[in-house]
Protein chains: 2
Amino acid sequence: MSTLDLAFAALADPTRRRIVARLTRGEVRVTDLALPFQMSLNAVSKHVKVLERAGLVRRHRHGREHYLQLRALPLRDIVRWASQYERFWNQRLDALEVFLAGTAADEEKSDD
Amino acid sequence: MSTLDLAFAALADPTRRRIVARLTRGEVRVTDLALPFQMSLNAVSKHVKVLERAGLVRRHRHGREHYLQLRALPLRDIVRWASQYERFWNQRLDALEVFLAGTAADEEKSDD
DNA sequence: GTATCATTCAACCATCTGGTTGAATTTAAC
DNA sequence: GTTAAATTCAACCAGATGGTTGAATGATAC
């Protein structure tokens with residue numbers, strides 16, 4: 001599986017996106033991370049492992065505690081990949097915009 | 001499932017990302033779309049449906065032919081979501097960069 | 001050293017996924 | 001109107017996913 005595959009797949013789960021969001025506030029232990037979630041610690045632990053495999057989380061052990069840290073580079077790759085298509089979301093959003101855009105045609109082949 | 005969930009999940013598959021890329025060159029029929037892929041037409045058809053459900057592809061029928069069109073807005077949502085974390089991939093890429101960055105500390109809590 | 005805390009490992013389960021094949025549907029072609 | 005084309009639908013299958021519970025591991029506390 002490619003790194004992009006892994007990153008996209010990891011972020012497809014809302015629990016894992018919440019974990020990513022949580023990690024912006026700094027390192028957390030697995031147990032603390034799991035607290036606000038309505039699922040077992042084991043389930044959260046598995047989610048963390050998915051994020052780790054995607055390179056989105058780094059872990060460093062300190063005794064029996066595992067501290068988790070955000071690793072954002074895969075997010076940059078995702079932004080880069082998706083940004084290729086920027087010109088496609090700026091154009092032809094819906095019929096109204098087509099109308100409003102009116103004569104301001106751009107170079108792309110137009111179809112509806 | 002949220003729209004972000006669906007978009008991330010849809011893009012986690014390399015075949016579907018190839019389909020998205022292909023659609024930037026304009027509309028295609030399902031059959032033509034399927035040609036370069038080493039899988040059955042049915043498999044491609046299913047991939048297209050996943051992209052449709054995620055709002056990344058629009059279909060309009062013209063007789064018995066289904067023309068597929070890229071819908072890029074969900075990609076914009078993904079870029080928006082991931083870009084929240086930009087500050088996290090610009091900082092502390094690895095130990096070397098930390099060293100090179102040297103005294104140029106920023107406001108975020110530092111941990112390793 | 002024994003009890004306890006933080007975490008993972010392992011097994012299990014239901015559901016989803018990505019592929020297949022074969023039949024059905026709808027439209028075009030002759 | 002029969003044949004053929006474009007596509008989906010349906011059933012099936014193997015493997016992944018997201019959750020559970022219970023046991024194992026490893027470090028701390030006392």
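Every heavy atom of this structure was used, including side-chain atoms; hydrogens, water molecules and symmetry mates were not. Protein chains get the first letters and strands the later ones, always in sequence-line order, with residue 1 at the start of each.
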Inset, instruction - For each nucleotide in nucleotides 25-30 of chain D, reading 5' to 3', give B when a protein heavy atom comes within less than 4.0 Å of its base, S when such contact involves only the sugar-phosphate, and - otherwise. - result: -BBB--
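- A:Y85 OH to B:T24 OG1: the interatomic distance, rounded to the nearest 0.5 Å, is 6.0 Å.
- A:E52 is linked by a salt bridge (Lys or Arg N to Asp or Glu O under 4.0 Å) to A:R59, counting only residues two or more places apart in sequence or in another chain.
- Put simply, NE2 on A:H60 is 17 Å from P on C:dA6, counting in whole angstrom units.
- For B:N42 and D:dA10, the CG to P distance is 13 Å, given to the nearest whole Å.
- Between A:H66 and C:dT8, a side-chain N or O to OP1/OP2 separation shorter than 4.0 Å is present.
- Separating the CG atom of B:D32 from the C1' atom of D:dA6 is a distance of 10 Å, rounded to the nearest angstrom.
- In A:R22, the CZ atom is crowded: over 12 heavy atoms of neighbouring residues, nucleotides or ligands sit closer than 6.0 Å.
- The CZ-P distance, from B:R61 to C:dT25, rounds to 16 Å in whole Å.
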Side-chain donor-acceptor contacts of residues 38-46 of chain B below 3.5 Å, not counting sequence neighbours, with atom names and distances?
from  : atom 1 : to    : atom 2 : distance (Å)
B:S40 : OG     : B:N42 : N      : 3.4
B:S40 : OG     : B:A43 : N      : 3.0

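- Rounded to the nearest 0.5 angstrom, A:L33 CG and A:R18 CZ are separated by 9.5 Å.
- In this model, the phosphate group of C:dG19 is not approached by any side-chain N or O of B:S40 to a distance below 4.0 Å at OP1 or OP2.
- Using a distance-only test at 3.5 Å, with no hydrogens or angles considered, no donor-acceptor pair links the side chain of A:R16 to the main chain of A:L11.
- Ring geometry, B:H60 versus B:Y67: the interplanar angle falls under 30°, so the pair is classed parallel (tilted spans 30 to 60°).
- Residues from residues 1-22 of chain A with heavy atoms under 4.0 angstrom of DNA chain C: there are none.
- Distance CE (A:M39) to C1' (D:dT17): 13 Å, rounded to an integer number of Å.
- For B:R29, the salt bridge (Lys or Arg N to Asp or Glu O under 4.0 Å) partners at least two apart in sequence or on another chain are B:D32, B:E65.
- As rounded to whole Å, 19 Å separates atom P of C:dT4 from atom CG of A:L41.
- Qualifying salt bridge (Lys or Arg N to Asp or Glu O under 4.0 Å) partners for B:R17, counting only residues two or more places apart in sequence or in other chains: A:D5.
- Where A:R53 and B:V30 each meet DNA chain D at their nearest nucleotide, the meeting point lying more 5' is that of B:V30.
- The side chain of A:K46 sits closest to D:dG18 out of C:dT21, D:dT21, D:dG18.
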